[in-house]
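Data first, discussion second: the structure below is written as structure tokens.
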Amino acid sequence: MASFFGLAIKVSKDRIAYVLPDSILLKDFEKTRYLIKEYISEINWLENSGMPDDLKPFADVDHDVCVISTQNKHIQLLRYILSTFDRSTRVIKQHQYVQDKRKIVRKEFNYAFNLIAREKDLEILEKINQFDEMNSFLQCHEGIHTGNSRELLFVRGQNNDTTYPLFYGGGAGDIIENYHSRTSGWFVDYRDKLIDKSKGYYASLRDKRIFCLPKIYITRTGNPFKAFIDLDSNFASNNFFSLQFKDYSENTSENLKIILPFIISNLAQYYIRTFAAPRLGSTFVETKIVHLLKFRIPLQKIACARNDIKAKVDEILLIKQKNPNTSTSLIEADLDQIIFELYGLNEEEISIVKSKGLTA
């Protein structure tokens, strides 16, 4: 793909237009985006997936489409047109924007073309970017990848010396909620000898410390994703990420309780959906480890709010342990407000985050 673009730009004397799936703007084409970003003058994004056949811009195509226009020179400003379908009126609406590419095509986000962030969003991003990237002090790992050995490794109701309780996933019966979740009787048999490579079996059991030490588990998918603290040495499938401090001496329940509200805050959800994994139309952008670790946390400012945060998290955990169906939304809203203040967001910015964070 990159060589195709490069050759076309090189031999072109003027303009070239490419009609492509819109995934090229966001997903697995970082090198291509880096190569062509300086030459792109215009992007026309067209909603196509899920539209009535008689209104589809591209018939018999099941994904959204973009028309990328390039010129044989470096261009700083990007003009982009978003054509979206209003299902209530059956009308295609167009919105046009012009933005400096340096603001919306950034190295930190793999040169994805962010067509959903507006000027106020970019101001919020600058406030977030003052602080420490999670990647600098936290580590994140996928849970157990069973390969073709799932039936050997994941067993139900067999609690013995070689098995450990397992978070398998909500679809397998676990109760998965923010702050506190419950397993449903699944276990993992952690014996290496079960994975007999001579018979073609393969799996990745991961480092035991990922599961045995205190950690925060984060669901792999979901909009919004969910996160909860686990202090009971429960293992997890690769439907989850395990989040811990890089310095294991810091990996205490108290420290994790301080971090947890930031992970599931309105602000974190907003950041990931608006910047780290921006979604436009029906493009599926899975939350990945790299997305989570890009979020930034104001470590140097937490001390002044540490006691309040821990007290509220402890209150939520106590309530959820007694009855997971009891609402703790008011306490969670208080935590969100503390977090907004730590990042220095004003009322207008808070309103933007709330409107886009958990509902983006």
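Bear in mind that the values here come from a model prediction, so they are computed numbers and not experimental data.
The aromatic rings of Phe240 and Tyr217 sit tilted relative to each other, their planes meeting at an angle between 30° and 60°.
In terms of the side chain to side chain contact (heavy atoms under 4.5 Å, CB included) criterion, residue partners of Val61 (sequence neighbours excluded) are, by chain and number, Asn48, Phe58, His63, Val65. Under the salt bridge (charged side-chain N to carboxylate O under 4.0 Å, His left out) criterion, Glu119 pairs with Lys103, sequence neighbours left out. With sequence neighbours left out, the salt bridge (charged side-chain N to carboxylate O under 4.0 Å, His left out) criterion links Glu250 to no other residue. The salt bridge (charged side-chain N to carboxylate O under 4.0 Å, His left out) search around Glu341 returns none, not counting sequence neighbours. With sequence neighbours excluded, the residues satisfying side chain to side chain contact (heavy atoms under 4.5 Å, CB included) with Leu194 are Leu153, Asp189, Arg191. Residues that satisfy the salt bridge (charged side-chain N to carboxylate O under 4.0 Å, His left out) test with Lys310, not counting sequence neighbours, are Asp314.
Here the CD1 atom belonging to Ile316 is positioned 11.5 Å from the CD1 atom belonging to Ile229, to the nearest 0.5 angstrom.
Leu318 belongs to no hydrophobic cluster with other residues, because no ILVMFWY side-chain heavy atom falls under 4.5 Å from its own, directly or through intermediates. Under a 4.5 Å side-chain heavy-atom criterion applied to ILVMFWY residues, the cluster that includes Ile75 comprises that residue alone. When hydrophobic side chains of Ile, Leu, Val, Met, Phe, Trp and Tyr are connected at separations under 4.5 Å, Leu213 ends up clustered with Tyr248.
Contact between Gln269 and Phe225 at its shortest, heavy atoms only, is NE2-O, 3.2 Å.
The list of salt bridge (charged side-chain N to carboxylate O under 4.0 Å, His left out) pairs with a residue in residues 160-179, not counting sequence neighbours, reads Glu177-Lys226. A salt bridge (charged side-chain N to carboxylate O under 4.0 Å, His left out) check over residues 91-100, counting only residues at least two apart or in different chains, returns the pairs Asp86-Lys93, Asp100-Arg102. The list of ring pair (Phe, Tyr, Trp, His ring centres under 6.0 Å) pairs with a residue in residues 196-215, not counting sequence neighbours, reads Phe211-Phe235.
Taking a cutoff of 4.0 Å between a charged side-chain nitrogen and a carboxylate oxygen, Glu142 and Arg206 qualify as a salt bridge. Ion pairing of Arg106 with Glu126 is present here, as a side-chain N (NZ or NE/NH1/NH2) and a carboxylate O approach within less than 4.0 Å. Note on Asp132 versus Arg296: no salt bridge recorded, every NZ/NE/NH1/NH2 to OD/OE distance being 4.0 Å or above. Classification of Lys73 and Glu38 as a salt-bridged pair fails, no side-chain N sitting under 4.0 Å from a carboxylate O.
Between Tyr97 and Tyr80, the ring center distance clears the sub-6.0 Å criterion. Between Phe131 and Tyr343, the ring center distance clears the sub-6.0 Å criterion. For an aromatic pair to be called close, the ring centres must be under 6.0 Å apart, and Tyr39 with His74 satisfies this.
Checking side-chain atoms of Thr328 against main-chain N and O of Ile331 turns up no donor-acceptor pair under 3.5 Å.
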